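These notes are about the structure you will find just below.
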Amino acid sequence: MKGIGKLIWRFVKLSLILFIGITVFWVIFYRFVNPPVTWLMLTRGFERKAAGKDWKIDKQWRDFDDIADPMKRAAVAAEDQSFLENHGFDFNAIEKAIQKNSRSNKLIGGSTISQQTAKNVFLWPGRSWVRKGFEAYFTLLIEVFWSKRRIMEVYLNVIEMGDGIYGVNAAAQAYFHKEAFDLTRAQAAAIASIFPSPLKWSATDPTDYVRHRQYLIMKNMRRLGPMDF
């Protein structure tokens, strides 16, 4: 029995070392190479095929400097106003989410932009405590190995923005028929307003709730100080 226990422990250690090595390499690799596709994109593609629709992954990568500054400001104003100051986690938001989750069967997140980027790039869709654990792990890795500039660049290029639409450039073309570099403050806020539910909401045909979100985002954009990436 003692020999079997040692064998199991050796296997666990080897698996842990292998997991850490692969994931650290993966994160460092994506610091320099743009992620070609995500699990969510593939999942949505297969969902479209199952529904009898054409396969569609509409995305056009744009470098950080080719995305309008108002779009970056709108993302921070909408999703994570302490983005440049935090280290990947907003503990006040997490505490509020835990309190809400204790009173509900639906898992509610308190995710920062770094957490959302980690989830979108490295993990599968869905909500579970197991995935949240992996999300925290990958968030720590990208905060260590990526810059805030790189995190924002990847985030704005992979985020789901509609049915088969990914990244703010594809969104800018789909909703406003222009490049991400040319987005105005109002248009950037309109796109950011649908981040939480892009399959239900529209940047150009907003509900009253989405229109109010756009108003609040623009208000927060004015309140944000200088954003030094």
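In this text, all values refer to a predicted model and were calculated from it rather than measured experimentally.
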Nearest 0.5 Å, what's the [atom1]-[atom2] distance between [X] and [Y]?
X      : Y      : atom1 : atom2 : result
Leu18  : Thr23  : CG    : OG1   : 9.5 Å
Met71  : Met221 : CE    : CE    : 8.0 Å
Asp90  : Glu85  : CG    : CD    : 11.0 Å
Asn120 : Met41  : CG    : CE    : 8.0 Å
Leu224 : Leu84  : CG    : CG    : 9.0 Å
Arg62  : Ile67  : CZ    : CD1   : 9.0 Å

Flag if over 12 foreign heavy atoms under 6.0 Å of [atom1], [X]:
X      : atom1 : answer
Phe19  : CZ    : yes
Lys178 : NZ    : yes
Trp55  : CH2   : yes
Asp208 : CG    : no
Trp61  : CH2   : yes

Are [X] and [Y] connected in the hydrophobic side-chain network, where two residues link if heavy atoms are under 4.5 Å apart?
X      : Y      : value
Leu140 : Ile22  : no
Tyr215 : Trp201 : no
Ile28  : Ile17  : no
Val33  : Leu156 : yes
Leu40  : Ile113 : no

Are [X] and [Y] side-chain neighbours, meaning at least one heavy-atom pair lies under 4.5 Å?
X      : Y      : result
Ile194 : Arg213 : no
Pro35  : Val154 : yes
Ser128 : Val130 : yes
Phe176 : Thr204 : yes
Met218 : Ser193 : no
Gln173 : Gln60  : yes
Leu199 : Glu160 : yes

Shortest non-hydrogen contact between [X] and [Y], atoms and distance:
X      : Y      : result
Gly88  : Thr112 : O-OG1, 2.7 Å
Ala180 : Asn169 : N-OD1, 2.9 Å
Val121 : Trp26  : O-CZ2, 4.5 Å
Tyr137 : Ile20  : OH-CA, 3.7 Å
Ile217 : Ala77  : O-CB, 3.7 Å
Tyr175 : Ser202 : CE2-OG, 4.0 Å

Do the ring planes of Phe122 and Tyr30 sit parallel (below 30°), tilted (30 to 60°) or perpendicular (above 60°)? tilted
Kindly assign one of parallel, tilted or perpendicular to the pair Phe229 and Phe83, based on the angle between their ring planes and the thresholds 30° and 60°. tilted
Only one of Arg44, Lys56, Lys53 clears salt bridge (Lys or Arg N to Asp or Glu O under 4.0 Å) with Asp163; which? Lys53
Cationic tip of Lys72 within the cone over Phe64's six-membered ring, i.e. under 6.0 Å and within 45° of the normal? yes
Using a strict 4.0 Å threshold on nitrogen-to-oxygen distance, state whether Asp63 and Arg149 make a salt bridge. no
Step-by-step side chain to side chain contact (heavy atoms under 4.5 Å, CB included) determination, Arg185 to Arg222: CA-CA 10 Å; Arg185 290 178 67 257; Arg222 289 191 293 269; 3.4 Å; yes
Between Asp80 and Asn86, do the side chains contain an N or O donor and an N or O acceptor separated by less than 3.5 Å? yes
Judged by modelled atom types alone, do Thr38 and Tyr166 share a side-chain donor-acceptor pair under 3.5 Å? no
Verdict with supporting geometry, Lys200 and Thr207, side chain to side chain contact (heavy atoms under 4.5 Å, CB included): CA-CA 10 Å; Lys200 295 181 180 179; Thr207 62; over 6 Å; no
Could you walk me through whether Phe138 and Gln115 pass the side chain to side chain contact (heavy atoms under 4.5 Å, CB included) check? CA-CA 8 Å; Phe138 278 104; Gln115 287 175 274; over 6 Å; no
Quick one: which of Glu135, Glu143, His87 gives a side-chain hydrogen bond (donor to acceptor under 3.5 Å, both in side chains) with Ser114? Glu143
Does Lys119 form a side chain to side chain contact (heavy atoms under 4.5 Å, CB included) with Arg131? I'd like the steps, not just the answer. CA-CA 8 Å; Lys119 172 191 68 177; Arg131 204 204 61 175; 3.1 Å; yes
Check whether any side-chain N or O of Trp146 sits under 3.5 Å from a backbone N or O of Val27 as a donor-acceptor pair, and report yes or no. yes
